[in-house]
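Note that the numbering runs from 1 along the sequence shown for the chain.
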Amino acid sequence: MSASTTTDKTIASTANTTIGNQQTPSHHKIGETVASSGWQITVNKVSTSSGNDFLKPKDGHIFLEINVTMKNLTSETQTASSLAMWDLKSLPDGQKQNIGLGDTPGPEGKVEAGGALTGTLTYEVPTNIKQYTLSFTGSLLDNTLTIWNINL
């Protein structure tokens, strides 16, 4: 996307650690590597964009672009999916934001054992909302949730 700016604000993540039956969050910073559900995940950067000549957000919205790297920690091929593994919710209402199209593809496809891929999750979000949570779940059968708090 053109007109892209990178936010310099802190982005913390929360990887749940199980203690008994309770899950206690631990916080991570942007650029820090987090292991979750057979994946090693890094949120590399967060930026906003007003679009380009061909793709623009609707009035009162911007594109929120979240660049991530995912490495397969298992001994088998895994499939990465932006739609199935990632969710963005606005705060404080918790409304889910829809993933959209961007200039850079999202982290999609088969990843061989030990392999990695990098992609950008693009969401069209309201300009008046400044706080979000980005969550990652490695599979439908896994209840581990990794969360990044995003402040614009």
Side-chain angles (χ1 to χ4, degrees), residues 1-16 25-74 77-140 142 144-152:
M1 302 258 154
S2 61
S4 183
T5 57
T6 301
T7 60
D8 291 329
K9 308 253 179 172
T10 300
I11 300 170
S13 72
T14 305
N16 289 336
S26 57
H27 295 272
H28 306 279
K29 296 179 182 174
I30 191 166
E32 186 175 350
T33 300
V34 180
S36 179
S37 306
W39 293 95
Q40 181 176 295
I41 308 158
T42 305
V43 174
N44 301 310
K45 70 177 183 175
V46 174
S47 59
T48 60
S49 170
S50 57
N52 60 36
D53 291 340
F54 303 104
L55 187 62
K56 292 196 179 291
K58 61 187 171 189
D59 286 343
H61 288 71
I62 57 172
F63 291 122
L64 177 60
E65 300 169 333
I66 305 168
N67 182 268
V68 299
T69 299
M70 301 171 62
K71 180 178 181 182
N72 180 356
L73 297 178
T74 71
T77 298
Q78 293 197 89
T79 302
S81 169
S82 298
L83 289 173
M85 297 175 143
W86 298 93
D87 279 316
L88 183 76
K89 294 182 181 175
S90 57
L91 294 177
D93 63 3
Q95 183 172 338
K96 183 177 177 178
Q97 303 296 308
N98 293 322
I99 197 160
L101 298 174
D103 281 344
T104 307
E108 305 290 343
K110 296 198 180 294
V111 182
E112 65 186 67
L117 61 83
T118 298
T120 300
L121 306 163
T122 302
Y123 297 90
E124 186 173 337
V125 299
T127 56
N128 65 331
I129 297 178
K130 304 297 182 193
Q131 294 182 318
Y132 297 89
T133 58
L134 176 69
S135 60
F136 172 83
T137 303
S139 75
L140 296 174
D142 189 356
T144 303
L145 187 64
T146 304
I147 300 173
W148 288 262
N149 297 314
I150 299 175
N151 298 301
L152 302 179

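- Not counting sequence neighbours, K58 has no partner by the salt bridge (Lys or Arg N to Asp or Glu O under 4.0 Å) test.
- In this structure, the side-chain hydrogen bond (donor to acceptor under 3.5 Å, both in side chains) partners of T120, at least two apart in sequence or on a different chain, are N67.
- Residues that satisfy the side-chain hydrogen bond (donor to acceptor under 3.5 Å, both in side chains) test with T118, not counting sequence neighbours, are T69.
- The structure places CD1 of I66 at 5.0 Å from CG of L88, a figure rounded to the nearest 0.5 Å.
- Residue pairs that meet the salt bridge (charged side-chain N to carboxylate O under 4.0 Å, His left out) test with at least one member in residues 104-132, sequence neighbours left out, do not exist here.
- The heavy-atom pair separating S49 from E65 by the smallest distance is CB-OE2, 3.7 Å.
- The side chain to side chain contact (heavy atoms under 4.5 Å, CB included) check on N72 picks up W39, T74, Q78, V111, with sequence neighbours excluded.
- Residue pairs meeting the ring-ring contact (aromatic ring centres under 6.0 Å, His included) criterion with at least one partner in residues 85-118, sequence neighbours excluded, are W86-F136, W86-W148.
- The side-chain hydrogen bond (donor to acceptor under 3.5 Å, both in side chains) search around D87 returns K96, not counting sequence neighbours.
- With a 6.0 Å radius and a threshold of 12 heavy atoms from other residues, nucleotides or ligands, K56 has its NZ atom above the threshold.
- Scanning both residues, S135 and I147, for their nearest heavy atoms gives CB-CG1, 4.0 Å.
- Screening T122, L152, L134 for a side-chain contact (heavy atoms from CB on, under 4.5 Å) with L64, the sole residue that qualifies is L152.
- The side chain to side chain contact (heavy atoms under 4.5 Å, CB included) test applied to S90 returns D93, Q95, Q97, I129, Y132, not counting sequence neighbours.
- Among all heavy-atom pairs drawn from S82 and P107, the shortest one is OG-CD, 3.3 Å.
- The line from OG1 of T42 to CE of M70 is 10.5 Å long, rounded to the nearest 0.5 Å.
- Atoms OG and CG, on S37 and L73 in that order, are 10.0 Å from each other to the nearest 0.5 Å.
- A distance of 8.0 Å separates OG1 in T133 from CD1 in I150, rounded to the nearest 0.5 Å.
- Among residue pairs with one or both ends in residues 95-131, none qualify as ring-ring contact (aromatic ring centres under 6.0 Å, His included); sequence neighbours excluded.
- One N or O on the side chain of T127 and one on the backbone of G60 form a donor-acceptor pair closer than 3.5 Å.
- The structure places CG of L121 at 11.0 Å from OG1 of T104, a figure rounded to the nearest 0.5 Å.
- Between I62 and P57, the shortest heavy-atom distance links the atoms CA-CG, 3.9 Å.
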